[in-house]
Structure formats: structure tokens, C-alpha cells
Amino acid sequence: MKKLLIVLCVTLVSSGFMNAQDTINFEKNPVLTKKIYIYAGAFAPLKKVRFGFAGTAPVPYQDLIDVDKTFDLEGIQPTFNANIDWRFSKNWSMNADYFSLRTRNTVVLPRDIVWDKYTLKKGSTIEGGYGVSVLKIGFGRAISRGLKHELEGLIGIYILSPNGFVSGLAYVNEEEVFLDRSEISVTLPLPSIGLKYLYAPTRTLSFFAKAEWFGIKVDGIEGSLWSLSPGLQFQFSRYIGARLSYKYLNLIGNVDTLNWNGSFELLFNGPSLGVTASF
């Protein structure tokens, strides 16, 4: 899926450059001229959330616990998604994007799993779940601009907050204990760089493609990300429109904190549909 989205993003950018010729008396699409652009809608991702503990899952993370599969949480889970772009000068803009989701379920475990220092045995009735919030804040700098297009360089930071929990009968060194709730959590900042291309062939229709990536390793924290998003926008008027896009977000990390010593992999990909307002 990631390779397909990369090809689609490159195709949109290249076709836009080939057709972004200045024309006389052409009226620009509002997405190229308005100072503030707001989007609010629904994001319906397929998801894969995996957690690991204390070095049990080195890269490539083959030993991580698949929380969705283990606790029967697989499938599409719609959630709210919002972002805002503020063009505060001729060449600079500020942007923010946010979504979060939370899910839980009680199951009879299909196999033994190790959660931190606890062993949860096959056949036990266990409640488990997780929550994830992703806030991205960044800046864009115009690289190329015309009547029908704009290319921006992006720099920003993703503030990622995953957490997970289990509750039920567990074992420590073969001794039976009841977990009221064993929870892990971390807040992890991940920097990103990228590109965004916008092509608007008419005053009402525009296409965009955005790609971001990065990796970091500092004291106690290691992470990487890939974010891809092609889409299209339609303006009903100068101020109101609609947007349909496909979002792919893959986040991988190792953490060593008081609340969690381990690893995670988060993958979200699916369509996002909503309304836009520009001012």
C-alpha cells in the first residue's frame, strides 16, 4: 500500500507540473489564495497496533503483540480528524493535524502472551485495549508557485501518545495474580520533513499529494515515521468545500521510560472525508 501511494503522489505532482501553465484571465482556486484553510471530517482507518516489552521485540519487531488480533479489535474504526493551514506570510504557512481513537474488548485468549512482567495464559478471560492520539504541528515554505499550483517544503513534529492496558488473571513466576489494570503509556515527539504539492486546474477542483518521513534516536527514545496522503478537494463556494483523501501513517518506536520499556508499531491507513472552510 505504501508503494502504491508513493507512485500516486509522484504522478499527481508530475502531471501538475506538466499542466500548470499560466493562462490569461484564469481565476485561481481559493485553496491557493485564502489565508486560513480548515478541514473537519471522518477518518476511517484499517489499523495495526503492536506492543512489546523490554527487548523482547528487536527490529524488525517480529515478536510484538498484535493487540488488534489478540483482543479481536480488527477492522475499520471511524474517528474524527481535523486540520488547519494558516498562511501567515507570502511564502510561509503553519499547519496542524489531529486524530485519536480508543478501543477495548474482553476475550478468551487464543494463546499465551507476555505483558510486561506478567504472563497471560491461553484460555484466560482478559480485557485489553489501547488508545492513540496523534497531533502534528508544522510549517510550510513555498518552493514553487503559479496560477494553478503550489509546491511546499514541510518541517514539523508529530506528538504521538499511545497507551495500552490489560486486566484479568495473570501469572508472575507461576504465581497467580489478578491484574486490576496493567497500563503502559508514552508521549513521543517525532520530527518530520516532507513535501506537499497542490494542483488546481479550475476554480472549483484541486488535487494534492503530501509525503512526510523521518527517524530519530535520542536518550531513551528511538522512532521513525512515514506519512502519505493523496486526495482531491471541491469548492462549492469561495468559502465552503469538501475534501476526500487517503491517509497512510506508519509509526515505529523503541522507548525506555518509567511507564514503559519496550517497542511499538502503529499503522493506520484509510479514507478521510469531510468539509472545508477557507477565509
Side-chain angles (χ1 to χ4, degrees), residues 41-57 61-82 97-136 158-172 176-190 221 223-225 227 247-272:
F43 177 36
L46 287 168
K47 57 199 185 329
K48 181 171 71 173
V49 174
R50 302 200 296 162
F51 295 144
F53 298 90
T56 61
Y61 300 88
Q62 67 269 18
D63 296 326
L64 294 175
I65 300 167
D66 189 326
V67 185
D68 287 296
K69 182 177 294 185
T70 300
F71 293 98
D72 195 20
L73 298 169
E74 295 177 293
I76 295 174
Q77 183 176 347
T79 187
F80 177 73
N81 178 213
D97 188 278
Y98 175 81
F99 79 89
S100 68
L101 56 85
R102 188 171 296 273
T103 186
R104 63 198 297 170
N105 195 21
T106 300
V107 299
V108 176
L109 286 183
R111 62 181 180 86
D112 291 359
I113 64 172
V114 176
W115 183 275
D116 200 3
K117 62 182 179 181
Y118 305 102
T119 299
L120 309 175
K121 293 191 174 183
K122 178 181 178 180
S124 301
T125 300
I126 303 293
E127 182 183 19
Y130 61 86
V132 179
S133 68
V134 179
L135 172 64
K136 187 264 176 143
Y158 280 78
I159 302 173
L160 174 67
S161 299
N163 63 79
F165 81 93
V166 294
S167 176
L169 186 65
Y171 293 83
V172 180
E176 186 177 293
V177 297
F178 183 81
L179 292 179
D180 183 47
R181 188 180 178 96
S182 175
E183 186 168 359
I184 54 173
S185 63
V186 69
T187 297
L188 177 65
L190 288 177
I221 294 175
S224 63
L225 71 88
S227 176
K247 296 167 69 74
Y248 173 97
L249 181 62
N250 188 206
L251 304 134
I252 297 174
N254 295 311
V255 295
D256 186 1
T257 67
L258 291 176
N259 293 326
W260 188 5
N261 179 11
S263 309
F264 65 84
E265 180 182 17
L266 310 174
L267 175 61
F268 305 98
N269 66 97
S272 180

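These numbers come from the heavy atoms of this one structure, side chains and all, not from hydrogens, waters or symmetry mates.
The shortest distance between side-chain heavy atoms of Glu265 and Asn250 falls below 4.5 Å. Looking at heavy atoms from C-beta onward, Trp260 lies out of side-chain contact with Asp116 at the 4.5 angstrom threshold. Using a 4.5 Å heavy-atom cutoff, the side chains of Arg102 and Asn163 are in contact.
A donor-acceptor pair is defined here as one N or O able to donate and one able to accept, closer than 3.5 Å; such a pair exists between the side chain of Asn81 and the backbone of Tyr98. In terms of modelled atom types and a separation under 3.5 Å, the side chain of Asn254 and the main chain of Ser263 share no donor-acceptor contact. In this structure a side-chain-to-backbone donor-acceptor pair under 3.5 Å is missing from Glu127 to Arg181. Of the possible polar contacts, one joining the Asp68 side chain to the Val49 backbone as a donor-acceptor pair under 3.5 Å is found. Panel note: side chain Ser161, backbone Ser133; no donor-acceptor pair is recorded below 3.5 Å. Within the 3.5 Å criterion, the main-chain N or O of Gly75 finds a donor-acceptor partner in the side chain of Lys47.
Using modelled atom types, one finds no donor on one side chain facing an acceptor on the other under 3.5 Å when comparing Asp97 with Tyr158.
Under the 6.0 Å cut-off for aromatic ring centres, Phe268 and Phe43 do not qualify, their centroids lying 6.0 Å or more apart.
Among the candidates Val114, Leu64, Ile184, the single residue satisfying the side chain to side chain contact (heavy atoms under 4.5 Å, CB included) test with Phe53 is Ile184. Put simply, the residue from Val166, Thr125, Ile126 that forms a side chain to side chain contact (heavy atoms under 4.5 Å, CB included) with Leu109 is Ile126.
Residue Thr70 comes nearest to Val107 through the heavy atom pair O-CG2, 3.6 Å, listed as atom of the first residue, atom of the second, then distance. The minimum heavy-atom distance linking Leu101 with Pro45 is given by the pair CD2-CG, 4.4 Å. Taking both residues in full, the closest heavy atoms of Gly123 and Val108 are given as O-CG1, 3.5 Å, listed atom of the first, atom of the second, then distance. Closest heavy-atom contact between Ser227 and Leu225: N-CD1, 4.2 Å. The heavy-atom pair separating Ser185 from Thr257 by the smallest distance is O-OG1, 4.4 Å.
Between the CZ atom in Phe165 and the CH2 atom in Trp115 there is a gap of 8.5 Å [rounded to 0.5 Å]. Between the CG atom of Leu120 and the CZ atom of Arg111 there is a distance of 10.5 Å, given to the nearest 0.5 Å. In this structure, CG in Leu251 is found 8.0 Å from OG in Ser224, a value given to the nearest 0.5 Å. Separation of atoms CD1 (Ile113) and CD1 (Ile65) is listed at 4.5 Å; rounding is to 0.5 Å.
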Check the pair Leu160 / Leu266 against side-chain contact (heavy atoms from CB on, under 4.5 Å), numbers first and verdict last.
CA-CA 10 Å; Leu160 174 67; Leu266 310 174; 3.7 Å; yes
